[in-house]
Protein chains: 2
Amino acid sequence: MSKNAQTVAPEPPIKIDAMLCFAIYGAAHAFTRTYKPLLEPLGLTYPQYLVMVALWEEDAQTVKALGERLGLDSGTLSPLLKRLEQAGLVARKRNREDERQVNVHLTEQGLTMKAEAASVTANIGKAIGCSLDEAVALRDAVNALKGRLDGAE
Amino acid sequence: MSKNAQTVAPEPPIKIDAMLCFAIYGAAHAFTRTYKPLLEPLGLTYPQYLVMVALWEEDAQTVKALGERLGLDSGTLSPLLKRLEQAGLVARKRNREDERQVNVHLTEQGLTMKAEAASVTANIGKAIGCSLDEAVALRDAVNALKGRLDGAE
DNA sequence: CGCAATTCAATTGCGCACAATCTAATTACG
DNA sequence: CGTAATTAGATTGTGCGCAATTGAATTGCG
């Protein structure tokens with residue numbers, strides 16, 4: 001309101017960035033905070049949970065594949081996977097045919113946790129508080145935005 | 001491509017969380033990566049830029065007010081503000097009437113930077129690659145989601 | 001007034017997130 | 001072959017992000 005009085009009428013350089021970047025930034029943190037207490041009983045952090053979800057969807061992926069799925073590089077994943085390994089949830093072993101690759105797979109315990117994590121999904125579903133259709137539409141819109149941001153590098 | 005062929009019809013415990021949390025998580029990082037090269041000439045990180053945007057909108061806020069605007073606590077803001085102060089962009093001084101509060105305000109240099117940052121906004125607008133109406137709709141949807149997540153604590 | 005409770009920042013510790021760098025293994029090419 | 005270029009993963013350094021603690025200042029209440 002205390003904007004200067006001679007402001008433009010059309011104003012093309014709208015604050016389109018401040019709008020969306022604040023919103024996405026805040027929503028990402030809101031997700032982290034919502035998940036945190038639900039994941040605490042499992043002893044997982046939010047990024048660790050995302051890795052586990054990726055492995056529950058498809059077991060035995062390379063570090064590179066996980067990185068592409070989650071948009072993370074080895075600098076983030078290496079120590080994270082080391083902690084998951086120390087917790088007994090995953091195991092890593094080098095590919096015999098290509099010794100550069102490290103294959104990450106679930107342990108018995110890691111597979112067992114999938115069932116325990118079902119309640120997490122249920123509770124988040126409640127917290128999201130909208131219909132599946134709305135959630136799908138929002139996901140698609142956000143993913144489309146992400147695609148445009150990634151493509152515009 | 002290797003999706004399972006026997007996809008569900010009912011399945012109540014849908015992966016509603018995995019859908020959205022992956023999307024938001026990835027979009028937040030995509031924003032960070034898109035902004036990074038644009039902010040480099042200014043010597044700002046993405047969170048530092050968000051603090052500057054908040055101060056350009058309204059100068060002279062307390063640490064607490066900034067924290068509420070951005071959803072960050074003092075543990076994050078204190079060192080971040082210290083770096084902005086060292087860069088000569090903001091100054092901090094304790095409130096005379098209530099010595100517990102620290103008021104953060106822009107320096108001459110910090111105010112000047114607002115004009116330089118205009119091109120950042122323009123470039124992001126291009127990278128977002130959708131109409132203002134779409135951006136507003138998406139922002140509102142994301143903010144509504146964020147509100148429900150925050151409210152459901 | 002005196003003292004407990006509250007409030008605001010700062011600090012500490014741990015875990016991401018990423019650029020840059022490094023090592024080792026594989027592939028490509030002359 | 002053998003050397004260069006590429007690829008996968010790990011390491012290092014900087015900067016968030018947050019819980020928990022600390023410390024100082026203010027407020028509330030008898």
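Throughout, protein chains are lettered first and strands after them, A, B, ... in sequence-line order, and every chain is numbered starting at 1.
- Put simply, CD on A/Glu99 is 19 Å from P on C/dT23, counting in whole angstrom units.
- The nucleotide whose nearest atom lies closest to any side-chain atom of B/Thr45 is, among D/dC16, D/dG9, C/dA17, D/dC16.
- As judged by a 4.0 angstrom heavy-atom cut-off over every strand, B/Thr76 is placed among the base-contacting residues.
- Once rounded to the nearest 0.5 Å, the distance linking CG of B/Leu84 with OG1 of B/Thr107 reads 9.5 Å.
- Atom CG of B/Leu44 is separated from atom P of D/dG15 by 12 Å (rounded to the nearest Å).
- B/Thr112 places a side-chain N or O within 3.5 Å of a backbone atom of B/Glu108 that can act as its donor or acceptor partner.
- Across all strands shown, the partner of D/dG30 is C/dC1, judged by Watson-Crick or G-U wobble contacts whose two distances both fall under 3.5 Å.
- Relative to the side chain of B/Pro47, the nucleotides D/dG17, C/dC18, C/dG15 differ in distance, and D/dG17 lies closest.
- You'll find that the side chain of A/Gln101 is closest to D/dA8, out of D/dA8, C/dG15, C/dA9.
- Place A/Ala65 and B/Leu72 on DNA chain D by their nearest nucleotides, and A/Ala65 ends up nearer the 5' end.
- If you measure from atom CG of A/Asn95 to atom P of D/dT7, you get 17 Å, rounded to the nearest angstrom.
- Listed nucleotides D/dG17, D/dA19, D/dA10 differ in distance to A/Arg94; the shortest reach to its side chain belongs to D/dA10.
- Contact of the B/Gln48 side chain with the B/Arg83 side chain is registered, since non-hydrogen atoms from C-beta on lie closer than 4.5 Å.
- Counting any heavy atom pair closer than 4.0 Å across all strands shown, A/Gly71 reaches sugar-phosphate atoms only and no base atom.
- Among the protein residues, B/Thr32 comes within range of no part of the nucleic acid, since none of its heavy atoms lies under 4.0 Å from any strand.
- As a whole-Å value, the separation of B/Gln61 CD from C/dC8 C1' is 16 Å.
- Nearest nucleotide to the A/Ser78 side chain, out of D/dA8, C/dA17, D/dT11: D/dT11.
- Closest to the side chain of A/Leu80, out of C/dC16, C/dA9, D/dC16, is C/dC16.
- Comparing A/Arg100 and B/Gly75 along DNA chain C, the residue whose closest nucleotide (by nearest heavy atom) sits nearer the 5' end is B/Gly75.
- Residue contacts for A/Glu40: at a heavy-atom cut-off of 4.0 Å it reaches no nucleic acid atom on any strand shown.
- With A/Arg92 contributing its side chain and A/Glu85 its backbone, the two residues share no donor-acceptor pair below 3.5 Å.
- Taking every side-chain heavy atom of B/Arg33 into account, C/dC18 is the closest of D/dG9, D/dG15, C/dC18.
- The side chain of B/Gln48 lies closest to D/dG15, out of D/dG15, D/dC18, D/dG9.
- Using a 4.0 Å heavy-atom distance criterion, B/Asp73 is classed as a base contact.
- Side-chain nitrogen and oxygen atoms of B/Arg92 include none within less than 4.0 Å of the OP1 or OP2 phosphate oxygen of C/dA9.
- Distance, B/Glu68 CD to D/dG17 P: 17 Å, rounded to whole Å.
- The shortest distance between side-chain heavy atoms of A/Glu57 and A/Arg69 falls below 4.5 Å.
- Counting atom types as modelled, A/Ser74 pairs a side-chain N or O with a base atom of D/dA10 as donor and acceptor under 3.5 Å.
- Residue B/Tyr46 has no polar side-chain atom (N or O) positioned under 4.0 Å from OP1 or OP2 of D/dG15.
- Among D/dG9, D/dT26, C/dA9, the nucleotide with an atom closest to any side-chain atom of B/Lys64 is C/dA9.
- Note: CG (B/Asp98) to C1' (C/dA9) measures 11 Å, nearest angstrom.
- Taking atom NZ of A/Lys82 as the reference point, atom P of C/dC16 lies 13 Å away to the nearest angstrom.
- Below 30°, between 30° and 60°, or above 60°: for B/Tyr35 and B/Tyr46 the angle between ring planes is between 30° and 60°, a tilted geometry.
- At least one side-chain heavy atom of B/Arg33 sits less than 4.5 Å from a side-chain heavy atom of A/Asp150.
- Looking at heavy-atom distances under 4.0 Å, A/Leu77 makes no contact with the nucleic acid at all.
- Atom CG of B/Asn103 and atom P of C/dT7 are 20 Å apart (whole Å).
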